[in-house]
Amino acid sequence: MDKWILIDGNSIAYRAFFAMPPLTNAAGLHTNAVFGFTTMLLKVLEEQKPTHVLVAFDAGKVTFRTESFAEYKGTRDKTPSELSEQFPLIKEVVKGFGIRQFELAGYEADDIIGTLTRLADEQGVETVVVSGDKDMLQLASDKVTIALTRKGVSETELYDPAAVHERYGLEPLQIIDLKGLMGDTSDNIPGIPGVGEKTALKLLHEFGTVEQVLERSNELKGKLKERVEENKDSALMSKKLATIFREVPLAEETGNFAYGGYEPAELAEVFVKLEFKSLIERLNLSAAGVVSSEPQKELTLLPVEIGDTAAREALEVALRQPGAFYLEAIGDNPHHAHLIGAAYAAEEGVYAMDADWLQSPDAEGFKAWLGDSQAPKIGCDLHRAELALISLGIHLQGVEFDIVLAAYILDPTATDQTISGIAARIGLPSVPTDESVYGKGAKFKVPGKEALYAHLASKADAVRGAAPLQRQQLEEQGMNHLYYELEQPLSGVLADMERQGISVDAESIRQLGAELEIRIKADMAEIYRHAGQEFNINSPKQLGEILFDKLGLPVMKKTKTGFSTDADVLEKLEPYHEIIPLILHFRQLHKLQSTYVEGLLKEIRQDSGKIHTYYRQTIAATGRLSSQFPNLQNIPIRLEEGRKIRKAFVPSEPGWFILAADYSQIELRVLAHISGDEGLTEAFTEDIDVHTKTAMDVFGVPQSAVDSNMRRSAKAVNFGIVYGISDFGLSQNLNITRKEAARFIDQYFEAFKGVRKYMDDIVLQARQDGYVTTLLERRRYLPEIGASNFNLRSFAERTAMNTPIQGTAADIIKLAMVKMQTRLKAEGLRSRMLLQVHDELVFEVHPDELETMKRLVPEVMESALELNVPLKTDVSYGANWYEAK
DNA sequence: TCTTTCACG
DNA sequence: ACGTACGTGAAAGAC
């Protein structure tokens, strides 16, 4: 069975160019579009396994379309030179893959593809068209599927005729009519002015084609009728321009684009020139023998075996010299990770040890070194290593530099924070990925000693190579303080908290579970009664069928796969059917049961009755922490039912207290500081309730006139401001129209002019620098800030507004944590810091220290960083986390 | 493995 | 005209 892939080369190149962050090779050649194009190609080849592949390109400016309409594509900006210089490279890549490419003077890529799909239809060949251009949907048929790229280029969405119908309610050929009516600004196709997608779809659903719309325009009313009648010619011409020409005189025989796979050596040559190291790695092209253009220094591997005294002594000497170590701990949860080996990269070579050695008496010297606070250490993910070493009775100390933490500070959004990813970014010799050495999922397997040594050595060597380069980058980017004074020390503080863990009373959770069990069963019975049948309420698919097919409730929102049944939708459906509140209630209880009762019980350690979470310091793009195994940053609080879970979080020693302190309005205080807005600053210096103050200024009323509804709206506006406001988002949140939301926002910015200026300035700054920063110089890159795609750009703009706020708040509490731990130790207190929940710290407190801690905790938190407005905390304590409210 | 839903700040 | 609030992690079902 043949399978054809037809790729719209120009469209994909454009998409790739705008979707990918800038990228150049050493010669200064831009390569981002080439890279995006290549990853798309690889993915399609892998997924579709085609027998024939062809990439079509536009040829020249003049086509039969410009002959009939000179302005066609007339408004399009000139292709940026950064992109046009990449076309020859893309063609080289295509050639390197051994894929046929084709262009024909006077025709565009779409026409070539359209003609080939006609052949595919005639001959009954399965075909996939890859493009970023919605116009292509007109080609969809039984045999022909259109793969449209979405966000980026390597992800695509497949459209067969049913999917086109699903999305637009149109047959594929009517896509042409759609364009005829609405036009296309990017191609300068006029359409009918004032008619956009909404109106065009409405017209087509009623009349079917452009011709019918024009013929029966007397059935239309008002402005729309006028516009249609005035622009009949324009509509017809637009339809003609949007019609893909499917009779291009192709001399092509289909055999000419048969695809037989690529020659590794040829592809490797192109990739080397482009410096696509990750792709060379991924395709294992180094084996093709072409890649060793720069002679790679062989690693000197120095295995340390049990009983080999000379090797052990050499290692112990090396440990006192500069070097870098790597510790391999297998498993996601570092508290239960399994040590399988270690390596130390020194001047003379890389020492490598396996698990047996680590557990033998030979390792005593190495272990002592790990615990020696006077022995400086350079390593990789030492926070994780520190936890993994607990089982060996080792308390890791003397951490000086961690390449994963540094990589996160240098670029928190980099997707690959593994050693091989870091090595690739920084330009070191490539390091095999863990997946390539260990396999993944069920196939995971630790290889034999030799392969393991080689892998660990390669990693330790990369750590040794990366550290000085990263230190230099941190220095250059003014991030020394952030790294050495904040993140690095915090890593140890987090490990302390995690090692300590928090005591959880299993019995009280079980009891809550038993109560929930009864109520869940009762809800289920009621729901089945209303539905008239039993079904899986947890299945969005089955629930959707019951609600919307069987009970005929109105569909509010759809997801990619069917009906949406989220809480937002259900709340709107409440008036329609008695089953709805039951489902909401069931969902709430079931969530508590599965995630919190059962989930937490699984995490309580039998021996100690404690839960030890794992804070991840290198995940969140804004600088926040995240928490896993289990997540203790999302324990219920908003609803009383769930809040009860907190009663199970108790002190680990009798008579002690749980004390919690949270920052009050830290994000809005940060905003007041960085924007310098007068009104907002005043709210905090005068200690007025900030939402009330916002309501007063937005609605222009005195404090006495602010009712709870006004305050609620003002609160939502404040949230919106912090998130990077959009009228749509606010309207969703408050369940009001977009217009009303827009008015609120206008009034807000009128009242808080300093905030408006900050929002405008930060977006400009992001556009100029390509990144935004927090008060402590934490940086987040926003490559999409200049995207031409509205969605991508808007998202980047909101992120530019939000990240300095959320990130600075994260900086502040992290500072407080480091200082807090120092103070607890310096003052010889027995109380311990246990948890962090973004703006809250939780402690267990010795009764004798209660008064001290009630004073010390807020003092440290409020003075963590001096702003132009005061920082404020609320402190409370009790016998458990619930009581500390 | 991906998608949907929902818990938190 | 575009189709959205910012940042996370876990459970369950669908594929």
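In what follows, chains are A, B, ... by sequence order, proteins preceding strands, each numbered from 1. The analysis underlying the following values was restricted to heavy atoms, covering all of them including side chains, and did not include hydrogens, waters or symmetry mates. What you are looking at is a predicted structure, and each value in this text was computed from that prediction instead of being measured.
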Query raised in the report: Atom CD1 of A:Ile666 and atom P of C:dG7: how far apart are they, to the nearest Å?
Result: 18 Å
Query raised in the report: Touch check for A:Ile635, heavy atoms < 4.0 angstrom, all strands: base, sugar-phosphate only, or nothing?
Result: sugar-phosphate
Report task. Using a heavy-atom cut-off of under 4.0 Å over every strand shown, decide if A:Ala621 touches base, sugar-phosphate, or nothing. Result -> sugar-phosphate
Query raised in the report: Think A:Lys541 has a side-chain N or O under 4.0 angstrom from the OP1 or OP2 of C:dA14?
Result: no
Report task. Verify the contact: side-chain N or O of A:Arg587 to OP1 or OP2 of B:dC6, cut-off strictly under 4.0 Å; return yes or no. Result -> yes
Query - Nearest heavy atoms of A:Ala884 and A:Ile658, plus distance in Å - result: CB-O, 3.7 Å
Report task. Report which part of the nucleic acid A:Lys560 touches: base, sugar-phosphate, or nothing (heavy-atom distance under 4.0 Å, all strands). Result -> sugar-phosphate
Requested in this report: For A:Asn538 and for A:Arg167, locate the closest nucleotide of DNA chain C by heavy-atom distance; then report the residue assigned to the nucleotide nearer the 5' terminus.
Outcome: A:Arg167
Query raised in the report: Roughly how many Å is it from CD in A:Gln593 to C1' in B:dC6, rounded to a whole number?
Result: 16 Å
Query raised in the report: At under 4.0 Å between heavy atoms, what does A:Ala810 touch on the DNA or RNA strands: base, sugar-phosphate, or nothing?
Result: nothing
Query raised in the report: Is the phosphate of B:dC8, meaning OP1 or OP2, less than 4.0 Å from a side-chain N or O of A:Arg638?
Result: yes
Query - Residues A:Glu740 and A:Thr737: side-chain donor-acceptor under 3.5 angstrom - result: yes
Requested in this report: Evaluate the side-chain contact (heavy atoms from CB on, under 4.5 Å) criterion for residues A:Phe629 and A:His335: first the C-alpha distance (whole Å), next the side-chain angles of each, then the deciding distance (0.1 Å), finally the verdict.
Outcome: CA-CA 9 Å; A:Phe629 316 130; A:His335 290 291; over 6 Å; no
Report summary line: Checking B:dT5, B:dT1, B:dG9 against the side chain of A:Val837 (C-beta onward), the nearest is B:dG9
Query raised in the report: Within less than 4.0 Å of OP1 or OP2 of B:dT4, is there a side-chain N or O belonging to A:Thr559?
Result: yes
Detail all sub-3.5 Å separations between protein N/O atoms and N/O atoms belonging to nucleotides 4-6 of chain C.
unit_1	atom_1	unit_2	atom_2	d
C:dT4	O2	A:Ser726	OG	3.4
C:dT4	O2	A:Arg798	NH1	3.0
C:dT4	O4	A:Arg738	NH1	3.4
C:dA5	O3'	A:Arg798	NE	3.3
C:dA5	N6	A:Ala716	O	3.3
C:dC6	OP1	A:Arg798	NE	3.3
C:dC6	OP1	A:Arg798	NH2	3.3
C:dC6	O2	A:Gln806	NE2	3.1

Query raised in the report: Can you check the A:Ile192 CD1 to C:dA1 P distance for me, whole Å?
Result: 13 Å
Query raised in the report: Whole-Å distance between C:dA10 P and A:His590 NE2?
Result: 17 Å
Report task. Find the distance A:Leu543:CG to B:dC6:C1' and express it as a whole number of Å. Result -> 14 Å
**Report entry** Phosphate contact (C:dT8 OP1 or OP2) by A:Ser627 side-chain N/O below 4.0 Å
**Finding:** no
Query raised in the report: Rounding to a whole Å, what distance do you find between A:Lys885:NZ and B:dC8:C1'?
Result: 18 Å
Query raised in the report: Where each pair must be Watson-Crick or G-U wobble with both distances under 3.5 Å, what dot-bracket representation of DNA chain C is obtained, with crossing pairs in [ ] and other-strand partners as |?
Result: .....|||||||||.
**Report entry** Atom-pair distance (CZ on A:Phe444; C1' on B:dT1), nearest Å
**Finding:** 19 Å
Query raised in the report: When you compare C:dA5 with B:dT5, how far apart are their P atoms, in angstrom units rounded to a whole number?
Result: 13 Å
Query - Inter-nucleotide P distance (C:dT4, B:dT4), Å rounded - result: 12 Å
Query raised in the report: Got a donor-acceptor contact below 3.5 angstrom from the A:Thr774 side chain to the A:Arg778 backbone?
Result: yes
Requested in this report: Tell me which of A:His838 and A:Arg793 sits closer to the 5' end of DNA chain C, going by the nucleotide each one is nearest to.
Outcome: A:Arg793
Report task. Take the protein atom CD of A:Glu598 and the nucleotide atom P of C:dA11, then report the distance between them rounded to whole Å. Result -> 9 Å
Query raised in the report: Which part of the nucleic acid, if any, lies within reach of A:Ile619 when heavy atoms closer than 4.0 Å are counted: base, sugar-phosphate only, or nothing?
Result: sugar-phosphate
Report task. Kindly say if A:Ser594 contacts the phosphate of C:dA10, meaning a side-chain N or O under 4.0 Å from OP1 or OP2. Result -> no
**Report entry** Distance, nearest 0.5 Å, that separates CD of A:Gln48 from CG of A:Leu158
**Finding:** 6.5 Å
Query raised in the report: Crowded around A:Lys521 NZ? As in, over 12 foreign heavy atoms under 6.0 Å?
Result: no
Query raised in the report: OP1 or OP2 of C:dG13 sitting under 4.0 Å from any side-chain N/O of A:Asn536?
Result: yes
Name the atoms and distances for all side-chain donor-acceptor pairs under 3.5 Å in residues 613-622 of chain A, with sequence neighbours left out.
unit_1	atom_1	unit_2	atom_2	d
A:Thr613	OG1	A:Ser627	OG	2.9
A:Thr613	OG1	A:Gln628	O	3.0
A:Thr613	OG1	A:Pro630	O	2.7
A:Tyr615	OH	A:Gln836	N	3.0
A:Gln617	NE2	A:Glu487	O	2.8
A:Gln617	NE2	A:Glu487	OE1	2.8
A:Thr622	OG1	A:Gln806	OE1	2.8

Query raised in the report: Under 6.0 Å from the NZ atom of A:Lys647, do we count more than 12 heavy atoms belonging to anything else shown?
Result: yes
Report task. Report, as yes or no, whether the 6.0 Å neighbourhood of atom CZ on A:Phe719 holds more than 12 heavy atoms from other residues, nucleotides or ligands. Result -> no
Query raised in the report: Hey, are A:His612 and A:Glu603 close enough side-chain-wise for a donor-acceptor pair under 3.5 Å?
Result: no
Report task. Have a look at A:Asn634 and say if it touches a base, only the backbone sugar-phosphate, or nothing, with a 4.0 Å heavy-atom cut-off. Result -> base
Query raised in the report: How long is the span from the CE atom in A:Met524 to the CZ atom in A:Arg519, to the nearest 0.5 Å?
Result: 15.0 Å
